[in-house]
Amino acid sequence: MSNSNEKLWTKDFIIMSITNFIIMIIFYLLMVTMASYAVKEFHASVSQAGLVAGIYIVGTLIGRIVTGRIINKVGPKKILMIGLFLFPITMSFYFIQAGIIVLIISRLINGFAVGIASTAISTVVAQILPISRKGEGIGYFSMSSTLGTAIGPFFGLFLSQHTTYFVIFMLCMVFAILALVSALFTKISKIQAHTVQEEKGFHISQFIDGKALPISILTLFFALGYASLISFLNFFAEERDLLSASSFFFLAYAIAVLLTRPFTGRLMDTKGANYIVYPCAILFGVGLLLLSISHSAFLLLVSGAIIGIGFGNISSAFQALSIKVTTPEKMGLATSTYFIGLDIGLGFGPYFLGYLVPFLGYSNLYVWLGIFMFVLIIFYLFLHGRKDHLILNNNEIRLKEISPN
C-alpha cells in the first residue's frame with residue numbers, strides 16, 4: 001500500500017522537476033521552429049527541413065543509449081551534470097551560419113546532449129522517490145514534461161512570428177544555463193548510486209534492460225497515436241476549417257493530464273498499472289475516433305482532453321512501470337529503455353504514418369489509429385497485464401524490507 005507519510009516533495013525532487021520542465025520547453029520550442037528556420041535562412045528543401053527537425057530525435061536516442069550504458073558505472077549525478085554542461089555548449093552551435101549541413105550536425109549534437117541530460121534526470125528522480133510512492137511521484141514529475149510540450153510549441157510559434165531566430169536561440173541558451181545552475185543545488189546520496197559488475201564483450205543487455213523492454217515496445221506503439229497528432233493535426237484541422245481551434249488542442253490535452261495524473265499516480269501505487277492502462281487505452285482510442293469525426297471546435301477540444309487522459313496517463317504509467325519491473329541498480333538502464341521506445345515512436349512514427357496518409361486521408365488515419373489503440377490492449381495483456389499483480393507484490397515486499405514496522 002502507498003505510505004502517504006513518506007515525503008514526496010523534497011528539494012531535490014522539485015529542482016529536478018523544474019530542470020526537466022526547462023529542458024522540455026527548449027526541446028519542443030525548437031522542434032516547431034527549426035524547419036521553418038532552415039527554409040527561411042538556408043533555403044532548405046522540404047525534405048531537408050524535415051531532416052533538420054527530425055535529426056534531433058536521432059541525437060536524443062543516441063544520447064539515451066549511451067547514458068543507459070554508463071550511468072550506473074559513472075553515477076547519475078555526474079552524468080546529469082555532463083549532459084547539462086553540454087546542453088548550452090551545443091546550443092551555441094545554432095549561432096554558426098555555415099550552411100544546412102552544419103545546422104543538421106548541430107541539431108544532432110544538441111539532441112545528443114538532451115538525451116544524456118533528460119535520461120539522467122529521470123534516473124535521479126526514480127532514485128530519490130520513496131518506493132511506496134514511485135507511481136505517484138513519476139506522475140507528478142512527468143507533469144513537468146506535459147507542461148513543456150504545451151508551453152514550448154506555444155512560445156515557439158509566438159516568438160517565430162514576433163521576433164528573430166537570433167533572439168529565440170539566445171532565449172534557449174539562457175534557459176539551458178538556468179537548467180545547469182538549478183541542478184547544481186541537487187544532492188544525491190552516495191548510497192543511491194549503484195554499481196554493477198561490467199559484462200565483458202558486447203551484449204545488448206548493456207544498452208537495453210530486458211525486464212523493461214516489453215514496456216518500451218508498448219510505449220513505442222502507443223506513441224504512434226500521439227505522433228500522428230503532433231505531425232498531422234494542423235493539416236486535419238485545416239481540412240475541417242478548425243485551424244484556429246487546433247492551437248488550443250494541446251492546451252486541453254495538458255489541462256486534462258494535470259487534473260488526472262495526481263489521482264492516477266496514487267491509484268497505480270495502490271492498485272497496480274492495470275487500473276490505469278486498460279481504461280486509459282480505451283479513452284485514447286475513443287479520443288482518436290472522436291477526433292476523426294470532429295467538425296466543430298468544441299468536439300476537437302473534447303477529443304484533446306480525452307486523449308490527454310488516455311495517452312497522458314499511459315505514458316507516465318509506463319515510465320513508472322519500467323522502473324518498478326527492474327532491479328534498483330538498473331533504474332538508469334530501465335529509464336533509458338523506456339525513453340528509447342518513446343523516442344522511436346515519436347521520432348520515426350510521423351515518417352511511417354506519412355506513407356499511409358495518401359491512401360487513408362487524415363480522418364481515416366485517426367479512425368484506424370483509434371482501433372489500433374484497442375488492439376494494443378490485447379498486446380498489453382500478454383506482455384505485462386497478466387503479471388502486473390506480481391510487480392505490486394514485489395514492491396510491497398521491498399517496502400517491508402526497508403520499513404519493517
Side-chain angles (χ1 to χ4, degrees), residues 17 20-21 23-24 27-28 31 57 60-61 64 118-119 121-122 125-126 134-150 152 212-231 250 252-269 272-285 287-288 304-325 334-349 369 372-373 376-377 379-380 383-385 388:
S17 296
N20 186 64
F21 174 60
I23 291 176
M24 288 300 103
F27 185 108
Y28 286 96
M31 280 295 287
I57 299 291
T60 303
L61 189 59
R64 295 198 195 284
S118 59
T119 303
I121 288 174
S122 297
V125 168
K134 280 201 188 298
E136 182 183 0
I138 292 294
Y140 281 119
F141 170 73
S142 56
M143 283 163 62
S144 63
S145 296
T146 302
L147 286 171
T149 62
L213 183 59
I215 305 302
S216 178
I217 294 172
L218 286 165
T219 301
L220 190 161
F221 286 131
F222 275 106
L224 290 177
Y226 190 70
S228 70
L229 298 172
I230 59 177
S231 303
F250 289 103
Y253 173 96
I255 291 173
V257 174
L258 292 175
L259 291 176
T260 56
R261 267 198 189 155
F263 166 75
T264 56
R266 288 193 295 270
L267 186 62
M268 180 173 175
D269 284 329
N274 288 352
Y275 280 76
I276 305 301
V277 176
Y278 287 129
C280 287
I282 292 172
L283 286 172
F284 193 13
L288 288 168
I306 294 175
I307 290 171
I309 298 172
F311 180 72
N313 286 292
I314 287 175
S315 60
S316 63
F318 281 167
Q319 184 177 353
L321 199 54
S322 65
I323 296 164
K324 287 175 178 281
V325 299
T335 300
S336 172
T337 302
Y338 160 79
F339 278 113
I340 287 171
L342 184 65
D343 285 346
I344 292 174
L346 295 181
F348 297 99
L369 283 172
F372 184 54
M373 296 305 117
L376 286 179
I377 295 174
F379 279 85
Y380 171 79
L383 286 176
H384 178 81
D388 186 62

With side-chain contact (heavy atoms from CB on, under 4.5 Å) as the criterion, how do Phe27 and Thr60 come out once you've worked through the C-alpha distance, each side chain's angles and the decisive distance to 0.1 Å?
CA-CA 10 Å; Phe27 185 108; Thr60 303; 4.0 Å; yes
Would you say the side-chain atoms of Thr335 and Arg64 include a donor-acceptor pair closer than 3.5 Å?
no
What's the verdict on side-chain contact (heavy atoms from CB on, under 4.5 Å) for His384 and Val277, showing C-alpha distance, side-chain angles and the deciding distance?
CA-CA 11 Å; His384 178 81; Val277 176; over 6 Å; no
Are side-chain heavy atoms of Pro214 and Phe379 found at a separation under 4.5 Å?
no
Walk me through it: do Tyr28 and Ser145 pass the test side-chain contact (heavy atoms from CB on, under 4.5 Å)?
CA-CA 10 Å; Tyr28 286 96; Ser145 296; over 6 Å; no
Between atom OG of Ser322 and atom CG of Leu342, what is the distance when rounded to the nearest 0.5 Å?
10.5 Å
Ignoring hydrogens and geometry, is there a side-chain-to-backbone donor-acceptor pair from Ser122 to Thr119 under 3.5 Å?
no
Determine whether Phe141 and Ile121 make a side-chain contact, defined as any pair of heavy atoms from C-beta on separated by less than 4.5 Å.
yes
Which residue pairs pass the salt bridge (charged side-chain N to carboxylate O under 4.0 Å, His left out) test when at least one of the two sits in residues 272-281, sequence neighbours left out?
none
Just so I know, are the side chains of Ile314 and Ile276 near enough to count as touching, which here means a heavy-atom distance under 4.5 Å?
no
Quick one, Tyr338 with Ile323, criterion side-chain contact (heavy atoms from CB on, under 4.5 Å). Give me CA distance, side-chain angles, the key distance, then yes/no.
CA-CA 9 Å; Tyr338 160 79; Ile323 296 164; over 6 Å; no
Please tell me if the side chains of Met268 and Leu321 come closer than 4.5 Å, counting only heavy atoms from C-beta onward.
yes
Roughly how far, to the nearest 0.5 Å, is the CG atom of Leu218 from the CZ atom of Phe318?
4.5 Å
More than 12 foreign heavy atoms under 6.0 Å from OH of Tyr278: is that the case here?
yes
Residues which pass side chain to side chain donor-acceptor pair (under 3.5 Å) with Tyr226, listed by chain and number, not counting sequence neighbours
none
Donor-acceptor under 3.5 Å (Asn274 side chain, Gly385 main chain):
yes
List the atom of Tyr253, the atom of Gly308, and the distance in Å for their closest heavy-atom pair.
CD1-CA, 3.2 Å
Closest approach of Leu369 to Gly225 (non-hydrogen atoms, all atoms of both residues)
CD1-CA, 4.4 Å
Taking every heavy atom of Ala305 against every heavy atom of Ala256, the minimum-distance pair comes out as O-CB, 3.2 Å
Heavy atoms, side chains only, cut-off 4.5 Å: are Leu376 and Phe284 in contact?
no
Side chains of Asn20 and Ser144: donor-acceptor distance under 3.5 Å anywhere?
yes
So for atom OH, which belongs to Tyr275, do other residues, nucleotides or ligands contribute more than 12 heavy atoms lying within a distance under 6.0 Å?
no
Atom pair CG/CD1 of Leu383 and Ile215 - distance to nearest 0.5 Å:
7.5 Å
Distance from Ser216 atom OG to Phe339 atom CZ, nearest 0.5 Å?
11.0 Å
Closest non-hydrogen atom pair, Arg261 against Met143
NH1-N, 3.3 Å
dist Thr219:OG1 -> Leu224:CG (nearest 0.5 Å) comes out at 11.0 Å
